[in-house]
Amino acid sequence: MSVKDNQHDWKFSELCGEYRRHNGFNAIDYQTYNVKRGLRNPDGTGVMAGLTNICNVHGFMIADGERVPDTGKLTYRGIDVNDIINACIEENRFGFEETAWLLLFGSLPTGSQLERFKETLGGLRELPDNFLEDMIMKSPSKDIMNKMGRSVLAMYSFDDNPDDTSLENIMRQSIKLIACLPTIMTYAYQVKRRAFDKESMFFHPIDLSMSTAESILRALRPDTKFTESEARLLDLCMILHAEHGGGNNSTFSTRVLSSSGTDTYAAISAAIGSLKGPRHGGANLRVRSMMTALKENVSDWTNEEEIYSYLASLVRKEKGDGSGLIYGFGHAIYTLSDPRAVILKRTAEKLAAEKDMLKEFELYKTVEKLTPDVLANVKKSSKVICANVDFYSGFVYDMLGIPSDLFTPLFAVSRIAGWCAHRIEEATYGGRIIRPAYRSMVSRKQYIPIAERNFEKE
Ligand code: COA
């Protein structure tokens with residue numbers, strides 16, 4: 001790879017060599033200086049960085065100072081996420097809006113509060129005048145997360161009071177962003193289709209009375225049609241992705257930015273950028289590519305030995321994207337199970353039966369069964385590892401006919417509820433800029449006049 005201008009032809013491999021010559025650390029450096037790499041304690045638990053009233057992620061217990069694996073549990077404001085989902089299924093209603101209220105305000109809404117909140121969100125779904133033309137249609141992006149981040153940042157210019165960090169103002173901005181991020185996502189996707197996939201784009205009028213899940217499906221379907229059960233399923237996925245504590249990378253990014261006193265748009269666009277990463281929300285897209293490659297490379301989907309050996313080749317970095325990761329597995333907190341993956345797996349099985357995709361579902365199950373052994377044997381890791389939220393979510397979205405371009409963006413339009421709740425908590429109760437330390441490893445050097453530099457010979 002190289003870049004050329006009128007005078008230079010830089011080969012990036014040479015520049016990388018230059019970088020490596022003057023830089024570098026190794027694992028011993030980290031140990032010597034007791035660096036909490038990844039903000040982790042030696043046993044893998046996260047360094048305690050704050051207190052929160054919003055969510056609890058439980059995946060292990062501590063006994064005699066040791067981590068003891070446990071069944072995963074996720075509670076929003078003290079309420080088990082399973083209970084929220086079961087209530088929505090039993091009462092046959094959408095739950096994402098109720099979840100967003102719970103996360104933002106701290107307790108469940110009354111019936112009338114919920115109705116008013118849903119109407120408010122509906123009324124705020126539209127983007128400012130000319131935003132679609134000026135901010136989304138111009139300079140389209142192949143990547144919807146990139147476009148969403150840019151668009152959220154651009155919303156600053158359409159806000160009459162963008163920098164006010166009072167609780168009232170952040171709440172106003174948060175509700176607007178929760179309402180309109182799905183609109184940004186679906187518009188950005190339509191523009192991407194037109195610009196890069198050479199397909200038609202369409203912008204249906206928004207039905208302000210619809211739930212978030214319904215309005216997303218309506219915007220994605222050429223004829224605006226979808227079934228009630230499809231919308232309920234998407235809603236379920238959104239509830240499960242809405243929040244996950246203060247330490248996950250994107251929420252922590254929100255808290256870091258918020259602690260500096262910056263504006264809501266800057267904090268939320270940073271969170272979107274973080275979520276895009278393949279070790280975080282972007283893993284759902286990587287699971288899709290990994291499973292597609294696995295299906296192509298494994299001749300018999302019921303042959304566990306063949307599947308095992310393919311998974312082992314991923315970990316040995318011989319196949320896949322070279323990261324050595326089996327995407328959709330592992331978690332900083334969960335050990336025996338990720339409750340979100342458990343619910344999504346159940347959902348995927350039901351849907352697979354309806355869509356005649358049980359063979360594919362069985363393949364997912366086999367990968368789930370074999371992966372812990374593969375990691376234990378190939379990596380010699382003793383860490384108890386389970387499927388995480390991203391393993392089955394893409395499969396569910398696939399069966400709902402949702403394009404893979406939107407797998408991670410759908411995570412973002414759900415998680416924005418949690419991000420906003422944490423921004424509000426940080427701005428209201430944090431009170432100190434988040435500022436860890438980096439130890440400098442550089443020894444003192446003299447400045448050398450340019451005529452005397454001859455580093456090539458060093
Ligand atoms: N595949 C292969 N190796 C994995 C792995 C996976 N899914 N998950 C963890 N590991 C490896 C790590 O790379 C690390 O190896 P190293 O010591 O050689 O660097 C070791 O196991 C211990 O890692 P651990 O401390 O458990 O992971 P973490 O807490 O630092 O990271 C994740 C957690 C989620 C980032 C990690 O499990 C991962 O990258 N998973 C795949 C991506 C994914 O699904 N992300 C979605 C998260 S919801």
Side-chain angles (χ1 to χ4, degrees), residues 25-28 30-31 35-47 49 55 57 59-60 67 69 72 74 81 145 237 240-245 247-253 271 274-291 293-294 308 310-345 364 367-395 407-408 410-412 414-415 418:
F25 312 98
N26 58 48
I28 298 166
Y30 285 101
Q31 277 166 19
V35 175
K36 302 270 171 69
R37 191 141 73 111
L39 294 182
R40 302 301 178 84
N41 298 308
D43 64 358
T45 57
V47 169
C55 175
V57 184
F60 58 84
R67 261 202 328 170
L74 175 61
V81 76
M145 290 293 277
C237 295
L240 286 179
H241 285 86
E243 160 61 2
H244 214 232
N248 70 80
N249 198 283
S250 57
T251 304
F252 192 58
S253 305
S274 152
L275 190 74
K276 179 179 178 238
R279 283 171 189 255
H280 192 13
N284 59 16
L285 198 53
R286 298 289 171 119
V287 170
R288 166 66 134 57
S289 324
M290 179 184 86
M291 290 302 288
L294 186 139
Y308 183 101
Y310 184 78
L311 294 172
S313 72
L314 292 180
V315 179
R316 286 196 295 266
K317 304 187 182 177
E318 294 158 3
K319 297 240 165 79
D321 65 1
S323 64
L325 294 173
I326 302 180
Y327 289 101
F329 289 87
H331 197 269
I333 300 174
Y334 295 131
T335 52
L336 297 180
S337 59
D338 175 339
R340 304 164 302 171
V342 173
I343 299 171
L344 283 171
K345 180 179 179 181
Y364 272 78
V367 171
E368 184 185 3
K369 179 180 149 196
L370 298 177
T371 293
D373 281 349
V374 173
L375 288 171
N377 296 335
V378 181
K379 274 205 84 111
K380 307 283 174 241
S381 158
S382 58
K383 191 169 170 183
V384 179
I385 219 161
C386 61
N388 60 46
V389 67
D390 294 314
F391 188 60
Y392 285 103
S393 65
F395 185 46
F407 287 5
T408 318
L410 276 173
F411 198 154
S414 317
R415 183 58 62 83

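Quick note: residue numbers are just sequence positions, from 1. First listed ligand is number 1; within each ligand, the first listed atom is number 1.
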Review point. At what distance is the nearest protein heavy atom to atom 18 (O) of ligand 1, and which residue and atom is it?
Key: Lys379 NZ, 2.9 Å
Revision key, fill the gap. In this structure, NE2 of His331 is separated from CG of Asn248 (nearest 0.5 Å) by 7.5 Å
Review point. Among all protein non-hydrogen atoms, which one is nearest to atom 38 (C) of ligand 1, and what is the separation to 0.1 Å?
Key: Phe329 O, 4.0 Å
Exercise for review: Show which atoms of ligand 1 fall inside a sub-4.0 Å distance from at least one heavy-atom site of His280.
Suggested key: 46 (C)
Check your understanding: Quick one: which of Ile326, Val287, Val374 has a heavy atom closest to atom 7 (N) of ligand 1?
Key -> Ile326
Check your understanding: Taking heavy atoms and a distance under 4.0 Å, where does Leu325 meet ligand 1: side chain, backbone, both or neither?
Key -> both
Practice item. Please find out if less than 6.0 Å separates the ring center of Tyr334 from that of His244. Key: yes
Practice item. Taking Asn284 for its side chain and Phe407 for its backbone only, find out whether a donor-acceptor pair lies under 3.5 Å. Key: yes
Exercise for review: Measure the distance from atom 45 (N) of ligand 1 to every protein heavy atom, then report the residue, atom name and distance (to 0.1 Å) of the closest one.
Suggested key: Arg279 O, 3.1 Å
Review point. Near Tyr327, which atoms of ligand 1 are under 4.0 Å from a heavy atom of that residue?
Key: 42 (C), 44 (O)
**Study point:** Verify atom 29 (O) of ligand 1: protein non-hydrogen atom under 4.0 angstrom away
**Key:** yes
**Study point:** N/O donor-acceptor pair under 3.5 Å between Thr251 side chain and Gly247 backbone
**Key:** no
Check your understanding: Distance-only, no hydrogens or angles: does the Lys380 side chain make a donor-acceptor pair with backbone N or O of Asn377 under 3.5 Å?
Key -> yes
Exercise for review: Taking only heavy atoms of Ala283 into account, list the atoms of ligand 1 that are under 4.0 Å away from them.
Suggested key: 43 (C), 44 (O), 45 (N), 46 (C)
Practice item. Mark the output for Val315 as yes if a heavy-atom distance to ligand 1 is under 4.0 Å, and as no if none is. Key: no
Practice item. Say whether, by atom type as modelled, one donor and one acceptor occur between the side chain of Ser337 and the main chain of Gly72 under 3.5 angstrom. Key: yes
Check your understanding: Which protein heavy atom lies closest to atom 48 (S) of ligand 1, and at what distance to 0.1 Å?
Key -> Asp390 OD2, 3.6 Å
Review point. With a cut-off of 6.0 Å (strictly less than), are more than 12 heavy atoms of other residues, nucleotides or ligands near CZ of Arg40?
Key: yes
Check your understanding: Under 4.0 Å from ligand 1, counting heavy atoms only, is it the side chain of Leu375, its backbone, both or neither?
Key -> side chain
Review point. Should the proximity of Ile385 to ligand 1, defined as any heavy atom under 4.0 Å, be assigned to the side chain, the backbone, both, or neither?
Key: side chain
Exercise for review: Check ligand 1 against Gly330 and write out every atom of the ligand that is under 4.0 Å from a heavy-atom position of the residue.
Suggested key: 34 (C), 37 (O)
**Study point:** Asp43 (side chain) donor-acceptor with Thr45 (main chain) under 3.5 angstrom
**Key:** yes
**Study point:** Sub-4.0 Å heavy-atom contact, Gly328 with ligand 1
**Key:** yes
Practice item. Determine whether more than 12 heavy atoms belonging to other residues, nucleotides or ligands lie under 6.0 Å from atom NZ of Lys383. Key: yes
Practice item. Please report which non-hydrogen protein atom sits nearest to atom 47 (C) of ligand 1, along with the residue it belongs to and the distance in Å to one decimal place. Key: Asn388 ND2, 3.6 Å
Point to revise | Residues which pass salt bridge (Lys or Arg N to Asp or Glu O under 4.0 Å) with Asp390, listed by chain and number, not counting sequence neighbours | key: none
**Study point:** Proximity flag Ala332 to ligand 1, non-hydrogen atoms under 4.0 Å
**Key:** yes
Point to revise | Any non-hydrogen protein atom less than 4.0 Å away from atom 32 (C) of ligand 1 | key: no
Practice item. For residues His241 and Leu410, determine if any side-chain heavy atom of one lies less than 4.5 Å from a side-chain heavy atom of the other. Key: no
Check your understanding: Would Gly324 count as a contact of ligand 1 if the rule is a heavy atom under 4.0 Å away?
Key -> yes
Exercise for review: Can you pull out the closest protein heavy atom to atom 25 (O) of ligand 1? Residue, atom name and distance to 0.1 Å, please.
Suggested key: Lys383 NZ, 3.7 Å
Practice item. Look only at the side chain of His280 and the backbone of Ser250, and say whether a donor-acceptor pair between them is shorter than 3.5 Å. Key: yes
Check your understanding: Within 4.0 Å of atom 22 (C) of ligand 1 (strictly less), any protein heavy atom?
Key -> no
Review point. Checking Glu243 side chain against Gly245 main chain: does a donor-acceptor pair fall under 3.5 Å?
Key: yes
